[in-house]
Amino acid sequence: MARFSNSLLLVFFVTLLTTTLFTVIDAANKPKPKPSKKVNIVLVHGALADGSSWSRVIPRLHAAGHHVVAVQQPLTSIEDDVAKVKVALRTIKSGPIVLVGHSFGGVVITQAAHNNPNVSALVYVAAFAPDQGESVAELGKNYTALPSNQAFVPDSDGHLLLPQNLFLRYFAPDVDKKEAEIMAVVQGSFDSVRFGFVSGPPAWKKHPSYYIVAEDDQIIQPELQAFFTKRIQAKKTVKVHASHALLVSRPKEVADLILDAAKAVAK
Ligand SMILES: *[C@@H]1O[C@H](CO)[C@@H](O)[C@H](O)[C@H]1NC(C)=O
Ligand SMILES: *[C@@H]1O[C@H](CO)[C@@H](O)[C@H](O)[C@H]1NC(C)=O
């Protein structure tokens, strides 16, 4: 009986060895993919969202060989969000960093990357890009107010969210309904104080910046987004007919812009 198991074990190991060998030979014969210049891409979601809002963008960045991190924001204050992003930036020990912000994440990356030489480029995705001394509350005033601004309701903590039906209408009207319903259910409530947060010196003054405008946005005025593209002197501006949830409804265009930024800094 013992002898039988031993030979069985032998057969097993020989098979394992052969399989491994063939796998190694197979790998050696395959044409090697071009060595990609790996860039660190740090994704920062906005209010009413979470890290998974980048789910459609992340595989496209991975396919290009990049290292991707999506920061999970506390949404308790801009300061807390900035601190969390700074931790993510410090955790990366080598290679250029492209820092990407959606929506209120734009305010966050604008603060977090200031004076950080490790950040090579910024990408704004339908995001606020305030200048020093400006708040989000003030920035929208030149443009027609959007009905969504009156739609936020406080939870029992005083944090704000959108009623689920209005989330679908204003935040994600061009997202598949089932998926939009899930986004509405998991939306992250946020502190109301951030509307009045006064920006410090902006990172976009020193870092090359990119912008994708959501032309059908009902959360941040598209005209304000267009104003930002000019003021940050975006190296590249892309405009898409999409809602505020463009990272879900138009992930290819969003990922392509991030990949352009990554290509430029990988040189
Ligand atoms: C930049 O990266 C270096 C090397 O990892 C690190 O020592 C330094 O603290 C980083 N600077 C900032 C501002 O994060
Ligand atoms: C708002 O209008 C004023 C006056 O024309 C201008 O100086 C300022 O840059 C504008 N701000 C935005 C965010 O459009």
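When a ligand or atom number is given, it counts from 1 through the structure's own listing order. Bear in mind that the values here come from a model prediction, so they are computed numbers and not experimental data. These values consider heavy atoms only, across backbone and side chains, with no hydrogens, waters or symmetry-generated copies.
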**Q** Does some side-chain heavy atom of Glu181 sit less than 4.5 Å from a side-chain heavy atom of Val185?
**A** no
**Q** How would you list all residue pairs meeting side-chain hydrogen bond (donor to acceptor under 3.5 Å, both in side chains) that involve residues 68-83, not counting sequence neighbours?
**A** Thr76-Asp80, Ser77-Asp80, Asp81-Arg194
**Q** How about Phe104 and Phe128: are their ring centroids closer than 6.0 Å?
**A** yes
**Q** Heavy atoms, side chains only, cut-off 4.5 Å: are Pro154 and His159 in contact?
**A** no
**Q** Do Asn118 and ligand 1 have an N or O pair less than 3.5 Å apart?
**A** yes
**Q** Using the six-membered ring wherever Trp is involved, compare the ring planes of Phe227 and Tyr143 and label them parallel, tilted or perpendicular (cut-offs 30° and 60°).
**A** tilted
**Q** Does the side chain of Arg56 come within less than 4.5 Å of Leu247's, by heavy atoms?
**A** no
**Q** Quick one: does Asn116 get within less than 4.0 Å of ligand 1, heavy atoms only?
**A** yes
**Q** Within the structure provided, determine whether Tyr210 and Tyr124 are in side-chain contact (heavy-atom separation under 4.5 Å).
**A** no
**Q** Near ligand 2, which protein residues have a heavy atom under 4.0 Å away?
**A** Leu139, Asn142, Tyr143, Leu224, Phe227
